[in-house]
Protein chains: 2
Amino acid sequence: MMLTALNTQTRHGEVCPLDTTLKVITGKWKSIILCRLMKQELRYSELLRTLPGCTRRMLSLQLSQLEADHIIQKEVDPTYTPIKTSYHLTELGQSLVPIIQAMDQWGAQYIKTLERTTD
Amino acid sequence: MMLTALNTQTRHGEVCPLDTTLKVITGKWKSIILCRLMKQELRYSELLRTLPGCTRRMLSLQLSQLEADHIIQKEVDPTYTPIKTSYHLTELGQSLVPIIQAMDQWGAQYIKTLERTTD
DNA sequence: CGGGATCCCCCCAGATACTG
DNA sequence: CAGTATCTGGGGGGATCCCG
């Protein structure tokens, strides 16, 4: 599994770490997956249940990309039957939490500001 | 011109300001446009010149979305001929700068970490 | 100079079925 | 339970042309 984030970091003809960060967290379900895993480790089916509208295919894709980028880690417990897999943030993923929280707060303030000015 | 950011904030069936923020800055050229405009006001053609690979169509699209979301402001100077337009960050756009810088720093650290661990 | 309109192609993601 | 394989369509974005 290749890293997905570093491949296109020079898309604009120059190194841009901001783009690397965006590539890591941008994806139809990545941000909300990260929100879930910030709070607790979760199993595949648990994640699926808390993501209404997300197909198994998409969940697999998003999870595998986050894992390839070393943001989350997958744990398979072979003692369970049927199989049990769970996902949790890596240390690198944990380091992203403050950024995510800052973006969440900015978004909330942004929404409030626009509600005042556009009504 | 409609806001682009607020329309899908409940995509997952719940309000998620993080997604609003991501929607504002995610786009094929938005992040690098913001990087440019953080430093100085620029004209359409100046922006285009510093974005190798970006077509005029895409530049127009990305700029109009950023403007619709009140992140940048467009200024048309009618005294010039031919027409002269320039773009600069709004106050709301300025408030995004610390987030962008934090994401840029995280990305740089991320790249360094992965270079150590994957080599 | 700073765009908009149109055509067209390719890729992303949904639907569905299959598997260890 | 936790995925993968295949098919298919709809939309994003490139190329091109037009306009005030």
Side-chain angles (χ1 to χ4, degrees), chain A residues 1-2 4-5 7-8 11-13 19 22-33 36-37 41-69 72-88, chain B residues 1-2 4-5 7-8 11-13 19 22-33 36-37 41-69 72-88:
Chain A
M1 177 68 70
M2 275 295 294
T4 72
N7 302 336
T8 56
R11 192 185 67 202
H12 315 302
D19 264 15
L22 279 171
K23 188 124 198 294
V24 166
I25 60 182
T26 298
K28 202 171 183 192
W29 299 94
K30 286 185 188 177
S31 60
I32 196 169
I33 289 172
R36 300 283 188 260
L37 296 183
E41 167 175 320
L42 285 171
R43 302 180 55 171
Y44 179 85
S45 50
E46 290 173 328
L47 270 171
L48 195 62
R49 213 175 316 122
T50 65
L51 302 179
C54 183
T55 63
R56 278 179 299 165
R57 168 191 148 82
M58 277 311 293
L59 181 56
S60 295
L61 277 174
Q62 304 282 290
L63 286 173
S64 66
Q65 288 176 21
L66 287 170
E67 192 191 3
D69 289 337
I72 66 174
Q73 193 175 342
K74 171 177 168 178
E75 219 83 51
V76 180
D77 190 336
T79 66
Y80 275 74
T81 171
I83 203 169
K84 165 180 175 178
T85 63
S86 46
Y87 296 87
H88 60 90
Chain B
M1 178 67 71
M2 276 292 297
T4 73
N7 303 334
T8 56
R11 192 186 66 201
H12 316 300
D19 265 15
L22 279 170
K23 188 122 197 298
V24 166
I25 60 182
T26 298
K28 204 172 183 193
W29 299 94
K30 286 185 189 176
S31 59
I32 195 171
I33 288 172
R36 300 285 187 259
L37 295 183
E41 167 175 321
L42 285 172
R43 302 180 56 170
Y44 178 85
S45 50
E46 289 173 329
L47 270 170
L48 194 63
R49 214 174 315 123
T50 65
L51 303 179
C54 183
T55 63
R56 278 181 302 163
R57 169 190 147 83
M58 278 310 294
L59 181 56
S60 295
L61 277 174
Q62 304 283 291
L63 287 173
S64 66
Q65 288 175 20
L66 286 169
E67 191 190 5
D69 290 336
I72 65 174
Q73 192 176 343
K74 171 177 167 178
E75 219 84 51
V76 181
D77 189 335
T79 67
Y80 274 74
T81 171
I83 205 169
K84 164 179 176 177
T85 64
S86 46
Y87 295 87
H88 60 90

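Just so it is clear, the structure is predicted and the values come from calculations on it, not from any experiment. Lettering follows sequence order; numbering is per chain, from 1.
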Please determine whether a side-chain nitrogen or oxygen atom of [X] lies at a distance below 4.0 Å from atom OP1 or OP2 of [N].
{"X": "B:K74", "N": "C:dG3", "value": "yes"}
{"X": "B:Y87", "N": "C:dG3", "value": "yes"}
{"X": "B:S45", "N": "C:dC1", "value": "no"}
{"X": "A:T85", "N": "D:dG3", "value": "yes"}

[X] side chain, from C-beta outward: closest of [options]:
{"X": "A:T55", "options": "C:dA15, D:dG3, D:dC17", "answer": "C:dA15"}
{"X": "B:M58", "options": "D:dG3, C:dA13, D:dG14", "answer": "D:dG14"}
{"X": "A:I83", "options": "C:dG3, C:dA13, D:dA2", "answer": "D:dA2"}
{"X": "A:R57", "options": "C:dG14, C:dG3, D:dA2", "answer": "C:dG14"}

Q: Give a yes or no on whether the backbone of B:T50 and the side-chain of B:R36 come within a donor-acceptor separation of less than 3.5 Å.
A: yes

Q. Side chain of B:T26, backbone of B:K23: donor and acceptor closer than 3.5 Å?
A.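 No, the answer is negative, given that no donor and acceptor are paired below the 3.5 Å cut-off.
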
Q | For atom CZ of B:R56 and atom P of C:dG4, their distance in whole Å | A | 11 Å

Q: Rounded to the nearest angstrom, tell me the gap between atom CD in A:Q65 and atom C1' in D:dT4.
A: 15 Å

Q: On DNA chain D, check which nucleotide each of A:L61 and A:P82 is closest to and give me the residue with the more 5' one.
A: A:P82

Q) Which of these passes side chain to side chain contact (heavy atoms under 4.5 Å, CB included) with B:K30: B:I72, B:I25, B:L66? A) B:L66

